[in-house]
Each structure stands twice: as C-alpha cells, then as structure tokens.
Number of protein chains: 2
Amino acid sequence: MKARLSASRERIVAAALEIMAEHGFGGCSIAVVAERASIATGSVYSHFPTKGHLFAEVFRTASQREVDAVSRAAALETTVAERVTAVIETFCGRALQSPRLAYALLAEPVAPAVDAERLVFRRAYAEMIADYVAEGTASGELPQQDPELTATALVGALAEAMVGPLAAGVAGPNTVRDLITFAHRALGVST
Amino acid sequence: MKARLSASRERIVAAALEIMAEHGFGGCSIAVVAERASIATGSVYSHFPTKGHLFAEVFRTASQREVDAVSRAAALETTVAERVTAVIETFCGRALQSPRLAYALLAEPVAPAVDAERLVFRRAYAEMIADYVAEGTASGELPQQDPELTATALVGALAEAMVGPLAAGVAGPNTVRDLITFAHRALGVST
DNA sequence: AAAAGAATTGAACCACCATTCAAATCTTCG
DNA sequence: CGAAGATTTGAATGGTGGTTCAATTCTTTT
C-alpha cells in the first residue's frame with residue numbers, strides 16, 4: 001500500500017524526467033506527464049501540491065545527478081589543475097551527450113519556482129570548485145584570490161560556452177580543450 | 001498623421017521600457033503597458049503584431065543601450081588589458097546602478113521569443129570582446145587563443161558573477177576589482 | 001462642411017492548462 | 001463477505017492574459 005503510493009510517485013517523477021530530457025520543460029504539462037506515467041491527471045495531485053513542486057523536484061533530481069557525476073570525476077584527481085580539468089571534461093561531455101537536458105538545466109526559460117532550483121544547481125557547482133580553489137591558494141598551487149568569486153565566474157564561463165554548442169547541436173573539436181586552458185589561466189595555474 | 005503614428009509607437013516602447021526597468025518583464029502585461037502609454041490595449045496591436053514582437057523590440061532597445069555604453073567606454077582605452085578593464089567596470093557599474101533592468105536583461109525568465117534576443121545581446125558583448133582579444137593575440141600582448149571562445153566565456157563569467165549581487169541588491173566592494181583580475185589572468189595579460 | 005478612409009477604443013472572446021471534486025475503484029480490516 | 005476508508009479517476013472549473021473586432025472618433029480630401 002505504502003509501496004504502491006511511493007511507487008506511483010516515483011513513476012511520476014521518472015515520467016517527467018523523461019519528457020523534460022526529450023522536450024524540455026516547455027513540453028511538460030501535467031496531462032502529458034500523467035499520461036506517460038499511466039495515471040489520471042488528477043492523481044498527480046495526490047503526490048504533489050502544485051506543478052511547481054513537482055518540477056522543482058524533477059529539476060533537483062536531474063541536476064543532482066549531474067553534480068554528482070562531475071564531483072565523482074573531480075575527486076579522482078589530486079592537483080587543483082587536474083580536478084578542474086576533470087570538472088570541465090565531465091561537465092561538457094555530459095552536456096554534449098544530452099543537449100536537450102543540458103539546455104533545460106542551464107538555460108531554458110522556466111517558471112520562477114523551478115528557476116530557484118537552478119540557482120541552487122549552479123551554486124552546487126560553484127561551491128565544489130570554490131573548495132578546490134581554496135585548497136589551491138592554501139597550498140600555494142594557486143595565487144591569492146577570492147575562491148567564491150573565481151568559482152562563480154568559472155561556472156558562468158562554462159555554462160555560457162556550452163549554450164551556443166547546445167543550440168547548434170555541435171561543439172568545435174577544440175572547445176573543451178580551450179575551455180580548460182581558459183580555466184587554468186584564470187585560476188593562475190603555473191605553467 | 002504619420003508622425004502621430006510613429007509617436008504612439010514610440011510611446012508604447014518607452015512605456016514598456018519603463019515598466020520593465022521597474023518591475024521586469026513579469027510586470028509587463030499589454031494592459032499595463034497600454035495604460036502607461038495612455039492608449040487602449042487594443043491599439044498596441046496597430047503597431048505590433050504580437051506581444052512577443054513588442055518585447056523583442058523592447059529588449060533590443062534596452063540591450064543596445066547597454067552595449068553602446070560599454071563599447072564607448074572601451075574605445076577610450078588603448079591596450080587590451082585597459083579595454084577589458086573598462087568593459088568590466090562599465091558593465092558592472094551600470095548593472096549595479098539599475099539592478100532590476102540588469103536582471104531582466106541577464107537572467108529573468110522570459111518567453112522564448114524574447115529569450116532569442118538575449119542570445120543576440122550576449123553575442124554582441126562577446127563579439128566586442130573577441131575583437132579586442134584578436135587584436136591582443138595579433139600584437140603579442142596576449143598569448144595564442146581562440147578569441148571567440150575566450151570572449152564567450154568571459155561574458156558568461158561576468159553575467160554569472162553579477163546575478164548574485166543583483167539578487168542581493170549589493171555587491172561586495174571587491175567584486176569588480178577581483179573580476180578584473182580574473183579576466184586579466186584568463187586572457188593571459190602579462191603581469 | 002460632408003463623405004471616405006484610417007486609427008483607436010475597450011469590452012468580449014478564447015485558448016490554454018493548472019487545479020478541483022464528486023463518483024468510482026481499490027484496499028484493509030472486522 | 002461486507003463495510004469503512006483511502007486512492008484514483010477524468011471531466012468540469014476557473015483564472016489569466018493575449019488577441020480580436022464592431023462601434024466610435026479622428027484625419028484627410030473635395
């Protein structure tokens with residue numbers, strides 16, 4: 001019984017995730033999500049108070065997955081330079097693999113309730129990077145700087161550099177390599 | 001007669017600009033704009049086919065103004081480093097002076113038709129900066145790099161670094177200074 | 001000054017979609 | 001098995017706000 005309840009809740013989220021990865025948030029009406037989850041539209045409201053709550057959770061789930069993947073990749077490395085390289089390669093690699101999803105998470109116009117989650121998403125990246133930068137300045141690998149600001153700016157740089165390729169459907173073969181160079185220079189990695 | 005026509009067209013755009021600078025695009029319904037312009041709601045449609053067209057033009061007008069101001073400031077300088085400094089100072093200074101407008105242009109969720117103009121807006125900045133970067137690599141002031149990518153990444157970095165302060169209403173006193181340092185490092189300006 | 005044409009008015013229309021709720025179905029327990 | 005309670009159904013509701021259009025007002029022309 002409880003199982004059935006949480007099962008259909010998960011089916012709703014899963015259905016919404018699929019649709020959003022295919023068509024973005026724009027294609028996600030309650031009716032469409034309910035149909036994909038094989039339940040009635042009204043039943044969605046047994047599990048979520050409003051559409052905003054549902055899609056906030058969907059956004060959170062999808063973005064957590066991304067942050068985790070990037071975080072895991074970075075953790076395998078040791079120097080700040082290597083970690084930032086891993087962050088960029090993973091971030092860009094995944095974005096180019098699932099462009100519709102990446103666009104939805106990074107840039108698609110959405111309702112304010114969902115937009116708030118996007119700030120959290122970007123801050124999660126920024127905090128991860130800020131930690132590495134702080135390590136680097138502490139150890140002397142990097143010159144003195146405000147880790148928060150550097151990290152925020154880097155996240156912005158990555159996101160912006162991806163939006164074009166995501167819209168166009170392709171990235172130049174050197175985009176990722178050049179972004180890594182950009183980031184290393186910006187951090188002050190000694191060459 | 002013709003004068004009257006284009007006069008009220010301009011009044012519509014001016015009214016929409018005011019409202020958007022005060023309340024963002026969210027506060028801009030056709031009815032509100034028409035009222036501020038002292039015309040009937042229906043009359044808006046004698047000048048613009050749809051709401052999207054109107055606000056695309058409004059967005060274009062506002063952003064052109066910003067790009068021009070930044071461009072003018074940069075043109076007064078000579079080295080790439082100084083020009084980029086001028087770009088950042090002008091960009092951030094104006095954004096912090098008119099936070100509601102800056103937020104609307106940079107980050108506010110909007111209809112897709114208007115969103116398309118945002119890409120143009122950001123590209124205009126990126127192209128300006130790309131020209132300077134190309135100059136710099138040609139003259140040897142900067143190391144070899146892809147000017148387009150560097151410029152795009154810098155625009156993203158600036159925008160992202162401003163969103164927080166715009167939402168909070170204030171920027172740390174060192175934000176602009178640190179952003180300039182970030183940009184100079186990223187470009188490879190020799191210290 | 002009057003007729004023809006253009007522009008303006010603003011209330012009504014309509015499409016869209018989130019949200020609701022009474023009826024039907026299913027689950028649990030005496 | 002049958003009653004009580006919980007869940008699901010999906011058609012109906014409602015709010016929002018862009019868009020339309022017949023009636024009106026203004027401008028131009030003769």
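A note on names: the letters A, B, ... follow the listed sequences, proteins ahead of strands, and every chain is numbered from 1.
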Please collect all ring pair (Phe, Tyr, Trp, His ring centres under 6.0 Å) contacts where either partner lies in residues 63-82 of chain B, sequence neighbours excluded, each pair once. none
Sort and list the pairs that fulfil ring pair (Phe, Tyr, Trp, His ring centres under 6.0 Å) and have at least one residue in residues 81-112 of chain A, not counting sequence neighbours. A:Phe91-A:Tyr125
Go through the structure and list residues passing side-chain contact (heavy atoms from CB on, under 4.5 Å) with [X], not counting sequence neighbours.
{"X": "B:Glu135", "answer": "B:Arg83, B:Tyr132"}
{"X": "B:Val32", "answer": "B:Ile19, B:Ser29"}
{"X": "A:Ser71", "answer": "A:Met128"}
{"X": "B:Ala81", "answer": "B:Thr79, B:Glu141, B:His184, B:Val189"}

Base versus backbone protein contacts along nucleotides 12-18 of chain D [heavy-atom cut-off under 4.0 Å; B, S, -]: ------S
Those residues at least two apart in sequence (or on a different chain) that pass salt bridge (charged side-chain N to carboxylate O under 4.0 Å, His left out) with B:Glu89 are none
Give the angle between the helix axes at the two ends of the helix from C:dA1-D:dT30 to C:dG30-D:dC1, taking five base pairs at each end and rounding to 10°. 10°
What residues, two or more places apart in sequence or in another chain, satisfy side chain to side chain donor-acceptor pair (under 3.5 Å) together with A:Arg94? A:Glu66
In chain order, what residues pass the ring-ring contact (aromatic ring centres under 6.0 Å, His included) check against B:Phe55, with sequence neighbours excluded? B:Phe25
Note: contacts of residues 33-40 of chain B with DNA chain C (heavy atom, under 4.0 Å) are B:Ile39, B:Ala40
